[in-house]
Amino acid sequence: MGNILFLHALGLNEYALRERLPDPEEVGEPKSAFEQVRAKLGLFPDVQQVVLLTDVKSEDLAAVWNDTMGRTLVRDTWSVPELLETMLEESGGYDHAFVVWADEPLVDLKLTKKMFENHLRYFADYSFADGYPKGLCPQIIKPEAIQQLLELSRRHQVSLSREYIFEVLQKDINAFDLETEIAPTDQRLLRVALSADTRRNKMLLERVIEAGGHDAPSVQDILQKRPELLRTLPAYLYAQVVDGCPQSCSYCPYPKFGGDILHRRDEISTESWQDLLRQAKAFCDDLVVGISVWGEPSLHGRIGELIDRVLEIPRFSLVIETSGVGWTLAGLESIAEKHAGNRALTWIVSLDANDGETYRQLRGANWEEAKETTDLLRKLFPHQVFVQAVRMRDNEEQVDQFFKYWQQQEGVDVIIQKYDTFCGYLPERKISDLSPVRRFPCWHLKRDLVVLMDGSVPMCREDLRQEHLLGNVYQDGIETVWRRGEEKYRLHLEEDYPEACRKCDEYYTYNF
């Protein structure tokens, strides 16, 4: 009976529906990402039916979609089982199903045809591409396999993402016959998403298209030869809100350059905080905000208000990295009343040890308080909490035990973090060198913006002495200081590293 195509229009915003992109084929006027995807739907192999799965209101879709273009199925929210159940019902009688996202205008039809031919040749249940930037290739699946996926999704909780089909499939991967289209150049390390879902990604799409990207080979070539295009907008704002800490950790540089951190309690004003967030929203639109650089957030007298101000901004999320010391039961309960269950809020509690003695050697006193706070957080904010240990010589024997213990606890996940010398500022205590064989440009220069309490912006968190200041957000503006970082990033592209960078091995780690 032919094939069916499921067009996923989930969470679409103005970047996909209204803002224009150049025509990749250079033959037409600029159109929205959705319109460009829509124009390709009739060119997929033997597609007899298109089904739009969406959570977007009909009035917002009216300019780009109507029922003559395909069936439209709308829900306010979709879960993974609901998507799979709908796809199973709709695909009855069809031979194969294509899965395409409505904000990925560079989906390659020639590559799609090749994938489909191999899908048929090797009798695959599921076909996908690997090594390509996201947004170039569809997924192909047999309707019979959707039934298996649906059953798996009901037994295993999987969050809705663009990879939800593969994430469900991984729960019993040996039950499926897979066919993988391997990219000639593996570009997974670039973490590129060619989708018009954020201002950042839409900017990258625009740059790639303007540079001549129109299909998989041209896009891969551009990303290989024009890496400067990848630095678009900040993804992570790492902000200092308190100048002080209740602990003087043995592996942290803050006690050495920060002075008497145990007794200092300077804090950012709510007015300055709102100014910073206002600028960030105007410039980035979506952002992950961390409020734990060089200071313990629990010590801020109005921490609840700072948290509220971040989480009231659409498309913003918040990471609170804490020692677990200094919080009150009433304060945490007040935060939980507003934000428990809000996936935009994440807690990271730095414990580093599984017993009080090792903890004391690494972090000082307050082991019991930190442990009690962790237990309280995971009850108040289930599945929003991580516990963290920095792996180093001092606690190496405990790291495995630490991981196993917390992995068994409800409502919490585990992070094992590498040790950082801060460009040689601290003595070397790491267990092994995890650096890549060949160095590449720093993720933090590409995606992070560090803002100190007075608004100063160092090159990165490792710039402890502020030898590479980019400016001040309150005086120069966030856009200006971010643009000044392009010069530092270009030096990395040319493999010309400042002295601090030559001593640093944080370049291959990333936050968001």
Side-chain angles (χ1 to χ4, degrees), residues 10-16 55 77 103 134 158-164 191 193 195-204 232-242 268 270 273-293 295 297-298 300 302-322 332 334-350 377-378 380-388 411-415 417 443-444 446-451 461 473 478 482 509-512:
L10 306 175
L12 297 190
N13 54 37
E14 66 272 22
Y15 300 115
D55 54 8
T77 59
D103 58 359
K134 295 177 182 178
V158 173
S159 299
L160 181 57
S161 69
R162 291 175 191 254
E163 291 77 40
Y164 78 89
R191 298 173 66 222
S195 50
D197 56 340
T198 66
R199 182 177 295 172
R200 184 182 310 102
N201 285 339
K202 192 258 182 180
M203 180 183 294
L204 178 59
T232 52
L233 296 172
Y236 185 51
L237 173 63
Y238 204 16
Q240 182 186 34
V241 299
V242 174
I268 193 170
T270 53
W273 185 240
Q274 288 178 304
D275 184 14
L276 176 60
L277 294 178
R278 177 190 57 77
Q279 291 192 53
K281 174 62 178 174
F283 184 47
C284 305
D285 189 56
D286 79 302
L287 197 64
V288 179
V289 179
I291 57 172
S292 309
V293 62
S298 68
H300 195 287
R302 303 178 74 174
I303 184 62
E305 185 175 344
L306 267 57
I307 293 170
D308 292 344
R309 295 294 80 79
V310 176
L311 295 178
E312 70 188 12
I313 302 176
R315 304 174 190 166
F316 270 40
S317 56
L318 176 66
V319 176
I320 304 173
E321 191 170 351
T322 175
L332 289 176
S334 175
I335 297 169
E337 286 178 8
K338 299 177 182 179
H339 305 299
N342 184 351
R343 304 298 289 182
L345 172 61
T346 299
W347 297 83
I348 301 176
V349 188
S350 296
L377 285 172
R378 67 188 183 90
L380 292 174
F381 303 90
H383 306 294
Q384 294 174 250
V385 181
F386 291 81
V387 292
Q388 177 172 276
V412 66
D413 290 304
V414 188
I415 297 173
Q417 191 179 55
W443 273 106
H444 302 288
K446 184 192 291 187
R447 294 177 68 87
D448 295 0
L449 188 68
V450 177
V451 180
R461 189 187 69 153
V473 292
I478 195 170
W482 174 251
T509 69
Y510 58 84
N511 294 306
F512 297 94

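Just so it is clear, the structure is predicted and the values come from calculations on it, not from any experiment.
- Within the 3.5 Å criterion, the main-chain N or O of W347 finds no donor-acceptor partner in the side chain of Q384.
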Worked verdict on F381 versus N342 for side chain to side chain contact (heavy atoms under 4.5 Å, CB included): CA-CA 9 Å; F381 303 90; N342 184 351; over 6 Å; no
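- Interatomic distance, CZ of F316 versus CG of D286, reported as 7.5 Å (0.5 Å rounding).
- When K134, R162, K202 are each tested for a salt bridge (Lys or Arg N to Asp or Glu O under 4.0 Å) with D197, only one passes: R162.
- The closest side-chain heavy-atom distance from V473 to D275 is not below 4.5 Å.
- Between the side chains of Y15 and D285, at least one donor-acceptor pair of N or O atoms lies under 3.5 Å.
- The minimum heavy-atom distance linking D103 with A16 is given by the pair CB-CB, 3.6 Å.
- Minimum heavy-atom separation, A340 to L380: CB-O, 3.3 Å.
- The backbone N or O of T232 lies less than 3.5 Å from a partner atom in the side chain of W482, making a donor-acceptor pair.
- The environment of OH in Y510 is sparse: at most 12 heavy-atom neighbours from other residues, nucleotides or ligands sit within 6.0 Å.
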Stepwise side chain to side chain contact (heavy atoms under 4.5 Å, CB included) test for Y238 and D448: CA-CA 7 Å; Y238 204 16; D448 295 0; 5.9 Å; no
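- Counting heavy atoms from C-beta on, the side chains of L237 and L276 come closer than 4.5 Å.
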Stepwise side chain to side chain contact (heavy atoms under 4.5 Å, CB included) test for I320 and I307: CA-CA 9 Å; I320 304 173; I307 293 170; 3.5 Å; yes
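- Between H339 and D308, the closest side-chain pair of non-hydrogen atoms falls below 4.5 Å.
- Of the possible polar contacts, none joining the R200 side chain to the L287 backbone as a donor-acceptor pair under 3.5 Å is found.
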Check against salt bridge (charged side-chain N to carboxylate O under 4.0 Å, His left out), R461 and E321: CA-CA 15 Å; R461 189 187 69 153; E321 191 170 351; over 6 Å; no
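- At a threshold of 4.5 Å between non-hydrogen side-chain atoms, the residues N13 and R315 count as touching.
- At least one donor-acceptor pair under 3.5 Å links the side chain of R199 to the backbone N or O of F283.
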Residue pair D55, T77: steps toward the side chain to side chain contact (heavy atoms under 4.5 Å, CB included) verdict: CA-CA 6 Å; D55 54 8; T77 59; over 6 Å; no
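- If you take CD1 on I291 and CZ on R309, they are separated by 13.0 Å, rounding to the nearest 0.5 Å.
- Here the shortest heavy-atom pairing between I478 and A280 reads CD1-CA, 4.0 Å.
- Side chains of W443 and R191 form a contact here, defined as non-hydrogen atoms less than 4.5 Å apart.
- E305 places no side-chain N or O within 3.5 Å of a backbone atom of T270 that could act as its donor or acceptor partner.
- For the pair R447 (side chain) and F512 (backbone), a donor-acceptor distance under 3.5 Å is present.
- Note: S195 OG to L12 CG = 10.5 Å, rounded to the nearest 0.5 Å.
- In this structure, the separation between OG on S298 and CG on L332 is 9.0 Å, given to the nearest 0.5 Å.
- Counting heavy atoms from C-beta outward, L306 and I268 have side chains that approach closer than 4.5 Å.
- Partner L377 forms a side-chain contact (heavy atoms from CB on, under 4.5 Å) with one of I335, V385, V412 and no other, that one being V385.
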